[in-house]
Amino acid sequence: MAKVKVKQEEALSIKFSHQMGPGDQRVFDLYFYLPTEMGIGSHTLDEEDYYHSSILGRRSYYSKGLHLPLVQSRFVSLNKRTLEEFRLYLNLFAYQFAVAIETDVKELHQKLDLNEFYPALDELCDVVAQLLKKFRRNEPNDPKWKSYFEHADNYLSWFCEQQLLKTLARSPRSADYSDVKEKVLNLCRNENHYREQVCKYNSMQTQQDANRISNKMLLLRRLIQQGVVLKEELKPLGVGLKKFVTGVATGLVMLVVSALIIKAQGFFNGLTLTLLLTLAVIYGFREIFKEDFRNAMWRLIQRGRPRWSRILRDTTTQAVVAKQLVWLEFMRSQDIPKAVSDIMRQRHSQNKVDSEVLHYRIATKVTNKPFEADYSQIQEQVNFSLVPFARHLERGKAKIYSESEGNISNESVERRYQVNLVAVLRDGKQQPEYARFKVTMNRSSIVEITESKLPDNVQPFRLESDEILPEVVSHPHPHA
């Protein structure tokens, strides 16, 4: 049974991830039910702008081990391989290592209890130290191989230090766990000394300039992604059709304008001021309605059609790994599939509010050929930022009053909105599987994400219990 993992990434973003194997054909739909009171619709949110600015995807070869303890089992001796194989497997480990520490650090930030946070941080510190030591024991002697190793070693050392320092900077304040803090700081100091004094990976100028070190590490990250993260070629669809629609719309408008001009000339004798004013009004109305008429025609023709196509290639061999079609549009209620409507109809009567429906679909066809380097799956991760939604929301201005022993106090309350989200997944010719989530949010963060019960006649996703975060902590969003 295919699975889709759902979790919150930042204060105002949701990530969906799933895996596919050779020969898979999968269609994944998301229906965002946005309450009308949020003020979000086709007139306030441009789908194309939202797609390019707020929907971020990453497609890569996948192997199990997205948490640090699981990554430990992935690294084996690489010295008995060819140079290309060495580089590929080295990149795989380094990439999985970087993703794993990102994943574990984000989950660590969700822990508010001191007695949970600091033991988990202590364990994270131990695993990072063990992994770095295990990785360095496999350092090659051949200069051709060593340069690749040094790039990965330099980046992992710096990235681990940055992630641990960021975790300490956001850690709950407590004097009871000073030994854990000191342990983490010692690991960070040792890694800094290892890079700058022992191996001399970075020049003094680079060390002292935050911009230079950041840009260098960004370049190193791209190098270790070589062969693991798939190259994406995105192409907008319907460009020629849109030009044709523009031409037809302009022609029809000019046809009406020409008819009005001929009638006006027949009505007024000769070139008079009245005729000139009439022509000016006709041309003015043409400019007003031309764009609206063209946009209306384009929306009618574009409805239900894919907006973009994407080709995924292996960065090493340039072989095509998968092809995708992407849809994104606001849907009319009559165009929504019956099963999705039935799911939403099951809501409690007090939650049945008028909504605008934003539909996202991605259809993927994976090549039948085996993947490179013995991979068995590719993983797609799609992150939806809700920041553009939050910009339209009202700030909470209400106050709740209470009385205690004759004293009246008040408390400001925030305005919350509930976005219903229906996910549909269909593999090949199999029956679709469904899931529904309630996303409670305000202007600054997602308050909680909960999974809702489905009707008995609907096939649900099979989701693991820890894949939905029932309650989430607010952190500043980088794009806010």
Side-chain angles (χ1 to χ4, degrees), residues 16-28 51-52 55-66 74-76 78-99 140 142-152 154-156 215-240 306-327 361-383 427-428:
F16 295 83
S17 61
H18 60 115
Q19 292 82 43
M20 295 171 284
D24 283 354
Q25 295 186 38
R26 177 172 295 176
V27 178
F28 183 51
Y51 178 79
H52 289 296
I55 301 180
L56 305 177
R58 179 170 61 185
R59 289 94 190 164
S60 63
Y61 288 120
Y62 175 78
S63 61
K64 292 181 180 179
L66 295 178
R74 288 290 307 158
F75 193 70
V76 295
L78 304 175
N79 295 329
K80 295 182 179 180
R81 304 180 185 274
T82 66
L83 178 60
E84 285 303 317
E85 288 176 328
F86 170 81
R87 186 183 182 188
L88 198 57
Y89 281 91
L90 177 76
N91 287 353
L92 170 63
F93 175 79
Y95 177 77
Q96 291 288 343
F97 192 165
V99 171
D142 191 323
K144 292 181 181 178
W145 296 32
K146 198 168 183 177
S147 61
Y148 295 122
F149 176 86
E150 288 175 348
H151 290 328
N154 188 13
Y155 177 77
L156 291 178
N215 288 324
K216 179 175 181 178
M217 293 305 165
L218 181 61
L219 175 61
L220 293 182
R221 174 127 185 174
R222 289 174 180 167
L223 290 176
I224 68 171
Q225 289 178 349
Q226 186 76 18
V228 181
V229 175
L230 300 175
K231 179 183 177 183
E232 301 182 9
E233 299 175 1
L234 187 68
K235 178 184 177 182
L237 298 177
V239 176
R307 303 285 294 271
W308 299 273
S309 67
R310 181 187 292 115
I311 296 176
L312 304 178
R313 294 184 184 273
D314 184 288
T315 54
T316 304
T317 64
Q318 299 301 311
V320 175
V321 175
K323 295 181 178 180
Q324 296 182 319
L325 293 175
V326 184
W327 288 253
R361 168 182 285 183
I362 185 164
T364 307
K365 184 176 182 181
V366 186
T367 180
N368 287 313
K369 298 178 181 178
F371 299 148
E372 297 296 321
D374 300 325
Y375 294 111
S376 60
Q377 291 180 313
I378 59 173
Q379 181 183 60
E380 179 176 49
Q381 298 175 314
V382 184
N383 192 306
D427 270 323

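What's counted below: heavy atoms across the whole structure, side chains too, no hydrogens, waters or symmetry copies.
Heavy-atom contacts from other residues, nucleotides or ligands closer than 6.0 Å to NZ of K216 number more than 12.
At least one side-chain heavy atom of E232 sits less than 4.5 Å from a side-chain heavy atom of L312. No side-chain heavy atom of L56 sits less than 4.5 Å from a side-chain heavy atom of Q381. Between Q225 and R221, some side-chain heavy-atom pair lies under the 4.5 Å cut-off.
Atom NZ of K235 and atom CZ of R310 lie 14.5 Å apart (nearest 0.5 Å). Here CZ of R307 is found 13.5 Å from CG of L325. Values are rounded to the nearest 0.5 Å.
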Assess the residue pair I224 and H151 against the criterion (side-chain contact (heavy atoms from CB on, under 4.5 Å)); give the C-alpha distance rounded to whole Å, side-chain angles, the decisive distance to 0.1 Å, and a yes or no. CA-CA 8 Å; I224 68 171; H151 290 328; 5.5 Å; no

Walk me through whether V320 and I311 qualify under side-chain contact (heavy atoms from CB on, under 4.5 Å). CA-CA 7 Å; V320 175; I311 296 176; 4.0 Å; yes

Would you sort out whether R59 and V382 count as a side-chain contact (heavy atoms from CB on, under 4.5 Å), showing the intermediate values? CA-CA 9 Å; R59 289 94 190 164; V382 184; 4.0 Å; yes

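Side-chain N or O atoms of N91 include one that pairs as donor or acceptor with a backbone N or O of Q226 at under 3.5 Å. In this structure, R26 contributes its side chain and Q19 its backbone to a donor-acceptor pair below 3.5 Å.
Looking at every heavy atom in both residues, P22 comes nearest to V366 through CA-CG1, 4.0 Å. Of all non-hydrogen atoms in V321 and I378, the two that sit nearest each other are CG1-CG2, 4.0 Å. The nearest pair of heavy atoms linking L156 to A98 is CD2-N, 4.4 Å.
R313 and Q318 form no side-chain donor-acceptor contact under 3.5 Å, judged by distance and modelled atom types alone. With no hydrogens or angles considered, a side-chain donor-acceptor pair links T364 and Q324 at under 3.5 Å. Side-chain atoms of Y61 and D314 form a donor-acceptor pair, as typed in the model, at a separation below 3.5 Å.
Note on ring orientation: taking the six-membered ring where Trp is involved, the planes of Y51 and W308 are parallel (angle under 30°, cut-offs 30° and 60°).
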